[in-house]
Amino acid sequence: GDLSENVQVGGDFVQHVPGTYTITYDVSDGAGNAAAQVTRTVMLEDSGPGIYVDVANGNDQTGDGTAAAPFASISRAMLAWSGETAPITVFVATGFYNEHVTMTPWKTIVGPNPDIPESVVIAGNSSPLIQMADGGALRNVCLLGALGDAAQTLCDATGTAPALFDHVRFWGGNNANATGLFLMDTGESAPLIQACEFMSIGTAIKAINTKAVITQCLFDNILAYALLRPERSVEAPALKVSDEEENLPVMGIAGDDSTGNNLFTGSQSIFIANTNTVKTLQAENNNWDLDDRDAIAAKMAVDPDFVGLWD
């Protein structure tokens, strides 16, 4: 018979984000007999146009965003091809970019080297430094907070559906009032936060009503919270979903290597604070840099029963 409606498709595919992905296919018949899983490797190429930015050699007035005549600022690149609904890569050359960036949809800001994200530094006093947009992505860049103790969010993704944060360093300059990434009401897509570094910052990630997956990240010298699901009355008084309906981020699920594997070092902070006391925030399969389960549980704020730490 026709079993097409029974096919379950899984894997780590992120729509509109170029890369190599493993896709799995599973199917069972009406009696529950499962066929052997089929696996396929899919390569999604970056077929969209590219825009080039070089703070040292570009010009926002005379440049056209090509490799031969780059723009000087990332903000100028956001105005080019702004009506596109296909992915566009903004290639940013090594340099220090002192600017506030409001992203336009389906653009990826990418630096030259994933091993040295600080080769592209985006800095400034504005809050946020970067305002995300639907389908937007950051790769291989460093966001540097302002000096001092003023409240600042380095990257704001509220009310939008960003796709990817990959090899991004969120550097807070020891500001206990700074937040690295704020995710709120990001829809039914699952923003992927992978191989990022959150360093010397008050709160690494604030997340409320998001399906974000956080994996292979470093949380180093976090001063307040590594992951905070904030109080709705404070951060999201207008949020319409109930606690029961809210999507929670995933920091790790035992047995699923596409999640978790985050490392916590030098932490003076609470690891996770989940103020939703109806649903459990999954945080298994991580390296907390502590051997004692009671010590790990003690670093969870509110009620640790609503943080899944181990299977």
Side-chain angles (χ1 to χ4, degrees), residues 12-17 103 105-106 108 127-139 143 153-166 168 170 178-198 201-217 219 222 224-253 256 258-262 270-286 300-302 306-309:
D12 57 356
F13 180 74
V14 181
Q15 188 179 21
H16 296 299
V17 178
M103 294 189 68
W106 307 112
T108 294
S127 184
L129 281 180
I130 294 184
Q131 180 69 56
M132 297 299 294
D134 288 345
L138 300 180
R139 297 173 56 200
L143 308 187
T153 297
L154 303 189
C155 185
D156 186 2
T158 60
T160 64
L164 176 69
F165 301 87
D166 179 34
V168 179
F170 298 83
T179 298
L181 175 60
F182 191 8
L183 296 155
M184 182 173 72
D185 219 11
T186 58
E188 291 304 306
S189 64
L192 179 60
I193 306 163
Q194 68 177 12
C196 292
E197 300 174 340
F198 298 86
I201 196 164
T203 298
I205 301 173
K206 287 182 182 179
I208 185 166
N209 197 34
T210 179
K211 290 184 174 181
V213 175
I214 305 163
T215 180
Q216 301 175 34
C217 292
F219 296 85
I222 305 302
Y225 302 97
L227 175 60
L228 169 65
R229 186 278 193 182
E231 292 283 356
R232 292 167 55 114
S233 60
V234 176
E235 299 283 3
L239 193 65
K240 293 183 171 35
V241 299
S242 66
D243 282 6
E244 291 85 356
E245 299 169 322
E246 181 188 347
N247 295 316
L248 292 183
V250 173
M251 196 170 240
I253 298 174
D256 183 353
S258 68
T259 68
N261 296 296
N262 299 291
I270 295 295
F271 289 148
I272 299 175
N274 177 20
T275 59
N276 183 326
T277 55
V278 177
K279 299 182 73 172
T280 298
L281 194 159
Q282 293 302 120
E284 302 164 341
N285 198 32
N286 292 296
M300 307 296 159
V302 192
F306 289 97
V307 179
L309 294 174

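Computed from a predicted model, the values in this text were never measured in an experiment.
Counting heavy atoms from C-beta on, the side chains of Q194 and V213 never come closer than 4.5 Å. Between M103 and L138 there is a side-chain heavy-atom pair separated by less than 4.5 Å. The shortest side-chain heavy-atom distance between L227 and F198 does not fall under the 4.5 Å cut-off. Within the 4.5 Å cutoff, side-chain heavy atoms of L281 are placed close to those of P249. Contact annotation: the side chain of I201 approaches that of L154 to within less than 4.5 Å [non-hydrogen atoms, C-beta and beyond]. Within the 4.5 Å cutoff, the side chain of C217 has no heavy atoms near those of the I205 side chain. Side chains of L248 and N276 form a contact here, defined as non-hydrogen atoms less than 4.5 Å apart. Two residues are said to be in side-chain contact when any heavy atoms from C-beta on lie closer than 4.5 Å; F170 and C155 meet this criterion.
With respect to P230, the side chain to side chain contact (heavy atoms under 4.5 Å, CB included) criterion is satisfied by exactly one of T203, I208, T275: I208. Of the candidates I193, N285, I272, N261, M251 forms a side chain to side chain contact (heavy atoms under 4.5 Å, CB included) with just one, namely I272.
In terms of heavy-atom proximity, A195 sits nearest to D166 at CB-OD1, 4.1 Å. Y225 approaches A301 most closely through the heavy-atom pair CE2-CB, 4.4 Å. Residues A212 and L183 approach most closely at CB-CD1, 3.8 Å, considering heavy atoms.
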Verdict with supporting geometry, M132 and F165, side chain to side chain contact (heavy atoms under 4.5 Å, CB included): CA-CA 11 Å; M132 297 299 294; F165 301 87; 4.0 Å; yes
Working for side chain to side chain contact (heavy atoms under 4.5 Å, CB included), residues T186 and K211: CA-CA 8 Å; T186 58; K211 290 184 174 181; 5.8 Å; no
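Remark: K279 does not engage E244 in a salt bridge, criterion side-chain N to carboxylate O under 4.0 Å. Taking 4.0 Å as the cut-off between side-chain N and carboxylate O, R229 and D243 count as a salt-bridged pair.
A distance-only check finds no donor-acceptor pair linking the side chain of D156 to the backbone of T153 [under 3.5 Å]. Counting only distance, with no hydrogens or angles, the side chain of T259 and the backbone of I253 share a donor-acceptor pair below 3.5 Å. Remark: the backbone N or O of G252 is not paired with any side-chain donor or acceptor of N286 at under 3.5 angstrom. The backbone N or O of E245 sits less than 3.5 Å from a side-chain atom of S242, completing a donor-acceptor pair. Here the side chain of N262 pairs a donor or acceptor atom with the backbone of Q216 at under 3.5 angstrom. The main-chain N or O of G260 is found under 3.5 Å from a side-chain atom of T215 such that the two form a donor-acceptor pair.
Taking OG1 from T158 and NZ from K206, the interatomic distance works out to 11.5 Å, rounded to the nearest 0.5 Å. Rounded to the nearest 0.5 Å, atoms CG (L181) and SG (C196) are 8.0 Å apart. For the atom pair CG of L164 and CG of L192, the computed distance is 5.5 Å after rounding to the nearest 0.5 Å. Note: T210 OG1 to I214 CD1 = 8.0 Å, rounded to the nearest 0.5 Å.
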